[in-house]
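Below, chain A is the first sequence line, B the second, and so on; all start at residue 1.
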There are 2 protein chains.
Amino acid sequence: MITKTKVNRKQQIIEKATQLFQKQGYAATSMRDLAGYIGIEAASLYSHIKSKEEILQTICFQMANDFFQSLEKIELEKLSADEKLKKAVISHVKVLTKDSAASAVFFSEWRHLSESYLKDFLAMRNNYENKFIQILIDGHKEGIFKKMDAKFTVLALLSSINWMPSWYKPEGKLSPEEIAENVTDVFINGLKIRS
Amino acid sequence: MITKTKVNRKQQIIEKATQLFQKQGYAATSMRDLAGYIGIEAASLYSHIKSKEEILQTICFQMANDFFQSLEKIELEKLSADEKLKKAVISHVKVLTKDSAASAVFFSEWRHLSESYLKDFLAMRNNYENKFIQILIDGHKEGIFKKMDAKFTVLALLSSINWMPSWYKPEGKLSPEEIAENVTDVFINGLKIRS
DNA sequence: CCTACCGATCGGTAGG
DNA sequence: CCTACCGATCGGTAGG
């Protein structure tokens with residue numbers, strides 16, 4: 001049996017914590033819970049992490065980074081607004097489904113971050129939403145999208161996608177691309193048969 | 001000063017708990033927190049309620065009932081699928097915005113219900129979703145809606161609406177009807193200008 | 001509705 | 001990574 005290095009153990013702690021935070025919530029998950037699942041004493045966790053909140057911070061800011069990076073790549077491309085929106089949704093869904101447990105924690109447990117982290121977190125989220133809003137505004141200027149409340153629409157769009165980790169099963173039949181295809185198709189083209 | 005009756009006090013406890021559960025989450029809200037905001041001792045809460053979980057049960061099942069009743073009324077009406085969908089969304093949004101704090105608790109904190117209540121809760125939610133799914137299926141049969149994954153679409157639709165309590169401000173400029181109008185318009189007609 | 005209190009559990013530290 | 005332990009806090013009860 002190969003000895004586990006500290007790095008691996010830390011990774012293991014974060015992964016198990018992610019699962020527990022998703023299932024039970026951050027506040028309802030105790031360090032003794034977590035340690036028990038890993039097979040060590042609660043006190044031993046602190047050889048690898050500084051605090052319970054540090055775990056949450058790691059999860060939240062890792063996800064935030066992933067979302068940001070994936071969107072920034074797309075912003076550089078020269079695309080029409082509807083193509084850009086579709087690509088943005090696809091990469092959003094890809095990040096989301098790559099680790100749906102971490103995504104669920106990211107979306108539901110961020111409020112338990114302490115103040116200064118919370119501030120950074122909310123600023124990043126706002127920034128991210130604004131990039132989507134800009135795509136819709138551009139699309140309207142280009143004559144592709146109808147007049148609408150862009151912020152409202154983006155929040156509705158992101159909400160409908162972000163809720164997914166709560167019911168998305170990786171073994172399900174839909175790939176990230178198919179999910180994004182479905183979502184963008186509904187939002188861009190609507191449900192009605194065109195006449 | 002008029003003496004508060006027990007009924008009023010119980011109502012006050014539930015309302016304040018709803019606010020705290022929304023802001024901090026159920027698990028992170030202590031009975032001492034709650035009592036402090038009301039201005040009594042924690043032990044005194046138990047003259048009015050049986051347990052912390054009873055408060056959560058009251059909130060969740062009250063909301064579940066409201067949602068159900070509003071939808072059942074619409075099911076009886078003879079309407080085309082797109083009209084029925086719109087009406088269903090309007091009354092869903094109305095229930096949601098009537099008490100957005102209770103709605104937020106309903107959508108985010110139900111997992112802290114104990115097992116038997118959890119089972120009932122999930123059954124009701126499934127039942128509710130199925131009614132929406134049926135509307136979409138009927139709409140496809142009537143030739144109004146295109147072919148789609150009805151369950152997927154309903155979950156996306158409800159998610160985009162249900163996320164609202166986390167950012168909806170009653171003093172905002174949009175009425176429930178306008179919100180429902182925006183949401184259904186996007187879903188039914190899409191963002192693209194018809195050509 | 002309060003005082004007084006219960007056993008259980010919390011996140012975390014000291015020291016090895 | 002463990003044993004031993006800390007002060008704080010938890011939901012809730014007894015008795016008035």
Side-chain angles (χ1 to χ4, degrees), chain A residues 1-21 23-60 105 109-118, chain B residues 1-21 23-60 105 109-118:
Chain A
M1 194 159 161
I2 297 157
T3 311
K4 277 178 178 144
T5 68
K6 276 205 172 187
V7 176
N8 285 344
R9 188 58 112 182
K10 184 169 184 177
Q11 201 52 42
Q12 187 193 9
I13 289 169
I14 290 170
E15 277 167 25
K16 183 50 80 179
T18 302
Q19 290 173 30
L20 294 175
F21 291 172
K23 203 168 25 171
Q24 309 168 353
Y26 174 77
T29 301
S30 75
M31 297 303 268
R32 284 160 180 82
D33 266 356
L34 176 54
Y37 276 101
I38 292 177
I40 59 176
E41 292 301 315
S44 306
L45 292 169
Y46 293 90
S47 309
H48 305 283
I49 51 141
K50 285 206 294 283
S51 67
K52 186 184 179 185
E53 203 200 306
E54 192 204 36
I55 302 177
L56 184 61
Q57 286 158 10
T58 303
I59 298 168
C60 287
V105 172
E109 306 298 329
W110 54 266
R111 64 176 159 183
H112 294 109
L113 291 169
S114 54
E115 213 192 291
S116 67
Y117 289 93
L118 195 60
Chain B
M1 195 158 161
I2 297 157
T3 311
K4 279 175 177 143
T5 67
K6 276 206 171 185
V7 176
N8 286 344
R9 187 58 111 184
K10 184 168 183 178
Q11 201 53 42
Q12 186 193 7
I13 289 169
I14 290 170
E15 278 167 24
K16 182 52 79 178
T18 303
Q19 290 173 29
L20 294 175
F21 290 173
K23 204 168 27 172
Q24 310 168 353
Y26 175 77
T29 301
S30 75
M31 297 304 268
R32 283 159 180 82
D33 268 356
L34 176 55
Y37 275 101
I38 291 177
I40 59 175
E41 293 300 316
S44 305
L45 291 169
Y46 293 89
S47 306
H48 305 283
I49 51 141
K50 285 205 295 281
S51 67
K52 186 184 180 187
E53 202 199 307
E54 191 206 35
I55 302 177
L56 183 62
Q57 286 158 10
T58 303
I59 298 169
C60 288
V105 172
E109 307 298 329
W110 54 267
R111 63 176 159 183
H112 295 109
L113 291 169
S114 54
E115 213 190 293
S116 69
Y117 288 92
L118 195 61

Inset, instruction - Could you check if a side-chain atom of A/R9 sits within less than 4.5 angstrom of a side-chain atom of A/I38, using non-hydrogen atoms only? - result: yes
Legend entry - Non-hydrogen side-chain atoms of A/E109 and A/I59 separated by less than 4.5 Å: no
Legend entry - Base paired to D/dA4 (Watson-Crick or G-U; both N/O distances under 3.5 angstrom): C/dT13
Legend entry - Side-chain heavy-atom pair A/Y37, A/Q19 within 4.5 angstrom cut-off: no
Legend entry - Short side-chain to backbone donor-acceptor contact, B/E53 and B/S114, under 3.5 Å: yes
Legend entry - Protein proximity profile, nucleotides 11-16 of chain D - base contact B, sugar-phosphate-only contact S, no contact -, cut-off 4.0 Å on heavy atoms: BBB---
Inset, instruction - Can you tell me the distance, in whole Å, between the CD atom of A/Q24 and the C1' atom of C/dC10? - result: 14 Å
Legend entry - Sequence-distant partners of A/F21, ring-ring contact (aromatic ring centres under 6.0 Å, His included), two or more places apart: A/Y26
Inset, instruction - Whole angstrom is fine here: how far is it from CG in A/L34 over to P in C/dT9? - result: 17 Å
